[in-house]
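This chain uses plain numbering: 1 for the first residue, then up along the sequence. Bear in mind the structure is a predicted one, so any value in this text is a computation, not a measurement.
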Amino acid sequence: MVTVTVKHLPAPVKQLLKLRTPQARTTPSLSRLTAVLSSTFQDAKAKKAETGWLTLAMCTLLTANAPPTIGHLYRFATRNDLENVSTRRGYDEALSKASLMRESALKSCIFVGVPRTILSLANLHETIEDDVKNGLRKTSVRTVDTKNVNEIVARGEALWDTIYEPHAEKLRNKLGSYHPDFIEFIIQAYGTVLAPLPGGDAVLGNLSRAQGSIVGTACLRAEGGVGPQLTSHVFGLLKARDVPGLSAEDYWLASDEGTEWVVRTVDKILDVVKPELAEGDAAAQAQAKL
């Protein structure tokens, strides 16, 4: 049997792939994006919720699938003048924020898939400065082997329970009935990716239990059309208030007020990137008044 190396797409297939909007969403007005990032960040600063703000902003823009906005967010978060790298506020701050954005993106793939995560991580990688890039972790801490697999599964099961109780077992059985491997995949993904890494704040970019629920809430709110899953992860954020050792920021974010703020802030950013959603809300509200 002769092996034939495929070097080019057949012309009809290549033409076909140009249809049905294969490209990412058109980048919104960067001046409008800067304005909404500025106003929401100042609000977050007043509430001492800057980490939660960066997490939700990253996940909202990633889900909206406008990759250049990711680099814009990084520049906004680390510089006084977005277009002037010399105004970066400091290496340690930039490294911390790049790490947090990168980790938020990784966790997002659980909720909105790998393709958008690749596009957003690529844009972030292209944007961050070389010294920050060199300072980011280069080796995986999530490699699964015979020595840690049980610990990872236990971590996933524990996170599952804290999000979904008192319905954790019922939901697990339900998803397992759809496909026996599906629930096992989810539990392993929760343990490997979604759960906080062992080591706490000593691990650069590590997201807390509450911040992980902000990832889920922001992604699913921005995704749209997944109401039951969004509701589950909003409950997960609210339940994070019971996790021992919460920071003051995480405790507020998991409060009723904080959770409402997370959803409303996602909407404000999303309305700039996907303005058709705001227009649809306005039309629905007007119809409801008739």
Side-chain angles (χ1 to χ4, degrees), residues 17 19-28 32-33 36 40 52-53 55-70 73 104-121 123 159-160 163-164 167-168 170-172 174-179 181-183 185-187 189-190 193-194 211-240 253 259-289:
L17 295 184
L19 307 177
R20 304 294 177 96
T21 319
Q23 302 303 317
R25 173 175 285 272
T26 302
T27 304
R32 290 191 62 212
L33 181 58
V36 76
T40 54
W53 173 84
T55 299
L56 72 84
M58 176 66 183
C59 295
T60 301
L61 296 174
L62 181 151
T63 304
N65 197 28
T69 64
I70 301 300
L73 174 63
S104 298
L106 177 67
K107 292 181 188 292
S108 295
C109 73
I110 290 177
F111 301 101
V112 294
V114 171
R116 276 179 279 190
T117 302
I118 291 174
L119 294 175
S120 292
L121 281 174
N123 191 267
L159 178 59
W160 176 272
I163 294 173
Y164 299 112
H167 308 294
K170 180 180 178 181
L171 181 59
R172 181 170 182 160
K174 186 176 183 179
L175 297 184
S177 72
Y178 299 158
H179 192 301
D181 297 336
F182 184 37
I183 186 60
F185 163 75
I186 293 174
I187 294 296
Y190 272 36
V193 177
L194 189 56
Q211 298 291 335
S213 280
I214 289 176
V215 172
T217 298
C219 286
L220 296 171
R221 181 66 171 182
E223 177 71 3
V226 286
Q229 289 72 35
L230 171 61
T231 299
S232 290
H233 284 279
V234 168
F235 268 118
L237 177 54
L238 290 165
K239 292 172 187 175
L253 288 166
T259 298
E260 179 182 354
W261 176 83
V262 167
V263 176
R264 290 189 181 278
T265 304
V266 169
D267 287 353
K268 289 176 182 178
I269 297 172
L270 198 61
D271 285 349
V272 171
V273 188
K274 299 174 73 173
E276 67 273 14
L277 295 179
E279 294 166 2
D281 286 349
Q285 290 171 2
Q287 183 66 30
K289 293 178 180 179

Mind checking whether [X] and [Y] have side chains closer than 4.5 Å, heavy atoms only?
X      : Y      : answer
Ile70  : Met58  : yes
Arg264 : Arg221 : no
Leu33  : Leu61  : yes
Val273 : Thr27  : no
Trp160 : Leu171 : yes
Leu253 : Thr259 : no
Ile183 : Tyr178 : no
Thr217 : Val266 : no

[X] versus [Y], closest heavy-atom pair with distance:
X      : Y      : result
Lys274 : Ala64  : CD-CB, 4.1 Å
Ser108 : Leu62  : CB-CD2, 3.9 Å
Ala218 : Thr60  : CB-OG1, 4.0 Å
Thr55  : Ser104 : CG2-OG, 3.7 Å
Cys219 : Phe111 : CB-CB, 3.8 Å
Ala105 : Leu121 : CB-CD2, 3.7 Å

Rounded to the nearest 0.5 Å, how far does [atom2] of [Y] lie from [atom1] of [X]?
X      : Y      : atom1 : atom2 : value
Arg32  : Asp271 : CZ    : CG    : 8.5 Å
Leu159 : Ile186 : CG    : CD1   : 12.0 Å
Ile269 : Thr40  : CD1   : OG1   : 4.5 Å
His233 : Ile163 : NE2   : CD1   : 5.5 Å
Tyr164 : Lys239 : OH    : NZ    : 9.0 Å

Kindly write out the residues that satisfy side-chain contact (heavy atoms from CB on, under 4.5 Å) with Leu106, not counting sequence neighbours, or none if the list is empty. Glu103, Arg142, Val193
Taking ring-ring contact (aromatic ring centres under 6.0 Å, His included) as the definition, give me every residue that meets it alongside Phe235, ordered by chain and number, with sequence neighbours left out. none
For Trp261, enumerate each residue passing the ring-ring contact (aromatic ring centres under 6.0 Å, His included) test, keeping only those at least two apart in sequence or located in another chain. Trp252
Side chains of Trp53 and Thr265, donor plus acceptor under 3.5 Å: no
Thr63 and Glu223 side chains, donor-acceptor separation under 3.5 Å: no
Quick one: does Ser120's side chain have a donor or acceptor within less than 3.5 Å of a partner on Thr117's backbone? no
